[in-house]
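Note that this is a predicted model, so its numbers are computed, not measured. When reading the values below, keep in mind they use all heavy atoms of this one structure, side chains included, and skip hydrogens, waters and symmetry mates.
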Amino acid sequence: PLLTMILGLLACGVSSVRAGEPGGTGGPVKVEVRKTVDGKWELVRGGKPYFVKGGGGDYSRELLVGDGGNSIRLWGVDANTRKELDEDEKQGVTVALGYWVGHKRDGFKADDPATVKRQLEDFKQVVRTYRNHPAVLIWSIGNEMENGNDTPALWASVEDLAKAAHELDPNHPTMTVIAEVGGSKVANLHKYCPDIDIVGINSYAGGQNVGDRYLKQVPAGTAKPYIITEFGPPGQWEYWSKTAFKALNEMTSAEKATWYSNSYQKTVLGHPGECLGSYAFLWGNKVEATATWYGMFLPDGSKLAAADTMQALWTGKTPKYLCPVINKLTLNGTNEVSAGDTVTASVDASDPQVGKLKYEWAMYSELGTYRIRQQGATVGQAFTEAIGQNGEPQVSVKMPDMKGVYRIYCYVRNEHGAAATGNLPVLVKNGREMSFKAPMAKLPYFIFGEEQNNTYFASGYTGNYNAVAMDLNYPDNQHSGKTC
C-alpha cells in the first residue's frame, strides 16, 4: 500500500521531499535562469516567465501582494525562517532566501581553509533544510562581503557555496549580492564564480545608471543577468546635502519616492532581457542614520510615498488613495542656536484627496553616527515636552540645555493610512554636555527572542578565545581621538 501511494503521488507530479526536510504543502517549485531564442535572459518559475517585483524586508506580505508585488528578500536565516516561508507560501509570495557570508571587518578570513569549510558546511545544512519549500525562489549568497575583501580567495569561497547549492538543490538558481559595481568585483565574480547564476546589485544614488555600468564591466554578451537587490534614496554614506555643522539634510518622503521611480524605470525596466527584477529597500521601517531615512512604511503601519510609487510601477495603476505631500518644511531663523532657545518650525503640506490632515512633531537627539545600524535600533533621546502646539502645522520648539545636534521631525497623515515625513537638523552651540536618559523599559523585558524587534545582538565569542584580538589602531566610529 505504501509503494502504491508513493507511485500515485509521483504520477500526479508531486515532488518528493526527503525525510527530515519539511517543505511546504506541495514541495519545491522549479526555478530556472535561461536564455530565450533571441538571446535574452529570463527567470522561469513553474514553467512560466517570472519577473521579480519585490521588497527587501519582512513587513506585511498581504500588503505587498495588494500593491502588486510578488517576492521578498531576506538577508539570512534564523529561528523565524520556517514560519516566514510558510506565510509567504500562503500569500503567494516567493523568497530570495539569503545566507550571510562572513565579512572581513567581522573577522572572516576567506584565505583560511578551516573558516571556509565551516561556512560551507553550515550553508549546506541551510540548503538541506529549506530546499523543498515552495516559497523559495533563489539562494541569495552573501551581501556586500566583497567590501574590503575583493580577492580571489573570497570569490572562491562564494563559488564553493554556489556549487554546493547546485549539487544539493537542482530546483533553484544562485545569486550573490554586491555593493555597487566599482573596482574589479564584477570581473572577479564572473571569473571565479561560474556557479553563480544571477548578480544581485545594491545601488542607491547610482541606481539610475548602475545597469549600464554593470554591463560595461565584462565583454559584450558575457554578463550574467542581474537583479537590483536594494535601491531607494541615496545612502547616508554618499549623500551630498549637509548643514554647516555636517548634519545631513534628509529628503522628504515624496522626494525619496522620485529616486525609487527613476532607478526602477531606468535600470530595471530599462534593461529587459538583462534585468530579472528588483527588491525595493526597505519593505518595512528601520532606524538608520535617522528615524526616517529608510523605509516605505512608518512603525504604525502608515504607508509612505515610496509604497505608492512602487505600487504604480508594479501594477501600472495609480493607487486609489495617495500619500500626503510635504511641500515645504522650514525653520524660522537660523539652525544654529543657543541652549534653551525657542525656535519655530512650520510645514506646508497637501493631500491629493483634499482631505483633512493630521500633524505630529517630534524631536530627538542626533544618533551620533550615520553608520549602518542593525534592525531593532532605536532613535536618540526624545524631547516630547519641548514641542508646543503639537498637532498644528506650526510649532514652537524649546531647545534643550545640552549642546549637540537635534533633529525635529514632522509627520503628516491623512484619513487613509498614508503619511509624509520630513525633518530639520538643529545645532545647540553651547550648554552642558549631552547626556542620555534611557527610556523606561516595560517589564518583563526580553533581551532576545522570536517575534520581536531584538535590541541586543550576539557580539562575543565562546570557545576558542585565541581567535579574539583587540585592534588598538582601529579608526572607525571612535568616541574621541584618532582611534578607538
Side-chain angles (χ1 to χ4, degrees), residues 43 50-78 80-81 84-85 87-88 91 93-101 135-145 147 175-180 198-207 210-211 226-237 253 256-257 259-261 263-264 267-268 275-289 292-299 301 303-311 313-314 372-377 453:
L43 194 63
Y50 190 89
F51 193 74
V52 177
K53 300 177 180 180
D58 56 6
Y59 193 54
S60 170
R61 274 65 160 172
E62 187 175 358
L63 280 176
L64 179 74
V65 173
D67 284 357
N70 61 12
S71 189
I72 66 159
R73 178 191 173 206
L74 299 178
W75 284 257
V77 297
D78 57 24
N80 292 320
T81 300
E84 290 187 273
L85 289 173
E87 177 63 19
D88 294 324
Q91 297 293 340
V93 172
T94 63
V95 181
L97 188 54
Y99 178 80
W100 191 260
V101 172
V136 174
L137 180 71
I138 297 166
W139 293 111
S140 182
I141 300 172
N143 183 73
E144 301 185 355
M145 62 280 157
N147 281 343
M175 174 174 73
T176 193
V177 178
I178 58 178
E180 264 287 340
I198 304 166
V199 178
I201 305 172
N202 295 342
S203 182
Y204 291 88
V210 72
Y226 68 88
I227 290 175
I228 300 301
T229 39
E230 291 179 23
F231 69 101
Q236 71 272 21
W237 62 89
S253 51
K256 294 173 188 175
W259 285 82
Y260 283 89
S261 179
S263 292
Y264 191 84
T267 295
V268 180
C275 182
L276 305 180
S278 66
Y279 292 93
F281 189 86
L282 171 79
W283 189 255
N285 61 83
K286 70 176 296 192
V287 174
E288 182 173 327
T292 54
W293 196 282
Y294 297 100
M296 300 164 74
F297 299 87
L298 292 178
K303 68 171 183 173
L304 297 171
D308 281 349
T309 294
M310 294 314 303
Q311 181 179 350
L313 291 167
W314 287 336
I372 294 173
R373 297 172 72 90
Q374 294 283 5
Q375 193 77 7
N453 286 328

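Panel note: side chain Asp78, backbone Asn80; a donor-acceptor pair is recorded below 3.5 Å. At distances below 3.5 Å, not a single donor-acceptor pair connects side-chain atoms of Trp75 with backbone N or O atoms of Gly57. No donor-acceptor pair under 3.5 Å is formed between the side chain of Tyr294 and the backbone N or O of Pro233. Between the side chain of Ser203 and the backbone N or O of Glu180 there is no donor-acceptor pair closer than 3.5 Å. With hydrogens and angles disregarded, no donor-acceptor distance shorter than 3.5 Å links the side chain of Trp283 to the backbone of Ala307. For the pair Asn143 (side chain) and Val177 (backbone), a donor-acceptor distance under 3.5 Å is absent. A distance-only check finds a donor-acceptor pair linking the side chain of Thr267 to the backbone of Gly207 [under 3.5 Å]. In this structure, the side chain of Asn70 engages the main chain of Lys53 through a donor-acceptor pair within 3.5 Å. A donor-acceptor contact shorter than 3.5 Å is absent between the side chain of Ser253 and the backbone of Ala305.
At a threshold of 4.5 Å between non-hydrogen side-chain atoms, the residues Trp139 and Leu97 count as touching. Inter-residue side-chain proximity for Phe297 and Leu63 is flagged as met; some heavy-atom pair is nearer than 4.5 Å. For the pair Thr229/Met175, a side-chain contact is recorded, criterion being any heavy-atom separation below 4.5 Å from C-beta on. Using a 4.5 Å heavy-atom threshold, the side chains of Leu313 and Val268 count as separate. Side chains of Arg61 and Ile72 form a contact here, defined as non-hydrogen atoms less than 4.5 Å apart. Residues Leu137 and Val52 have side chains in contact (heavy-atom distance under 4.5 Å, counting atoms from C-beta outward). Side-chain contact check for Leu304 versus Leu298: some heavy-atom pair is nearer than 4.5 Å. The side-chain heavy atoms of Leu64 and Trp314, taken from C-beta on, include a pair separated by under 4.5 Å.
Shortest non-hydrogen contact noted between Gly284 and Tyr59 is CA-CB, 3.7 Å. Residues Arg73 and Glu230 come closest through the heavy atom pair NH1-OE2, 3.1 Å. When all heavy atoms are compared, the tightest approach of Ala280 to Met310 is CB-CG, 4.2 Å. Considering all non-hydrogen atoms of both residues, Ile178 and Glu144 come closest at C-CG, 4.1 Å.
If you take NZ on Lys256 and CE on Met296, they are separated by 12.0 Å, rounding to the nearest 0.5 Å. Remark: Asp308 CG to Asp67 CG distance equals 8.0 Å, nearest 0.5 Å. To the nearest 0.5 Å, atom OG1 of residue Thr176 and atom CD1 of residue Ile141 are 6.5 Å apart. One finds the CG atom of Leu282 at 9.0 Å from the CD atom of Glu288 (value rounded to the nearest 0.5 Å).
Tyr264 and Thr309 are not linked by any side-chain donor-acceptor pair at a separation below 3.5 angstrom, with hydrogens and angles left out of the test. A donor-acceptor pair shorter than 3.5 Å cannot be found between the side chains of Gln236 and Tyr204.
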Derivation and outcome, side chain to side chain donor-acceptor pair (under 3.5 Å), residues Ser71 and Tyr50: CA-CA 10 Å; Ser71 189; Tyr50 190 89; 4.7 Å; no
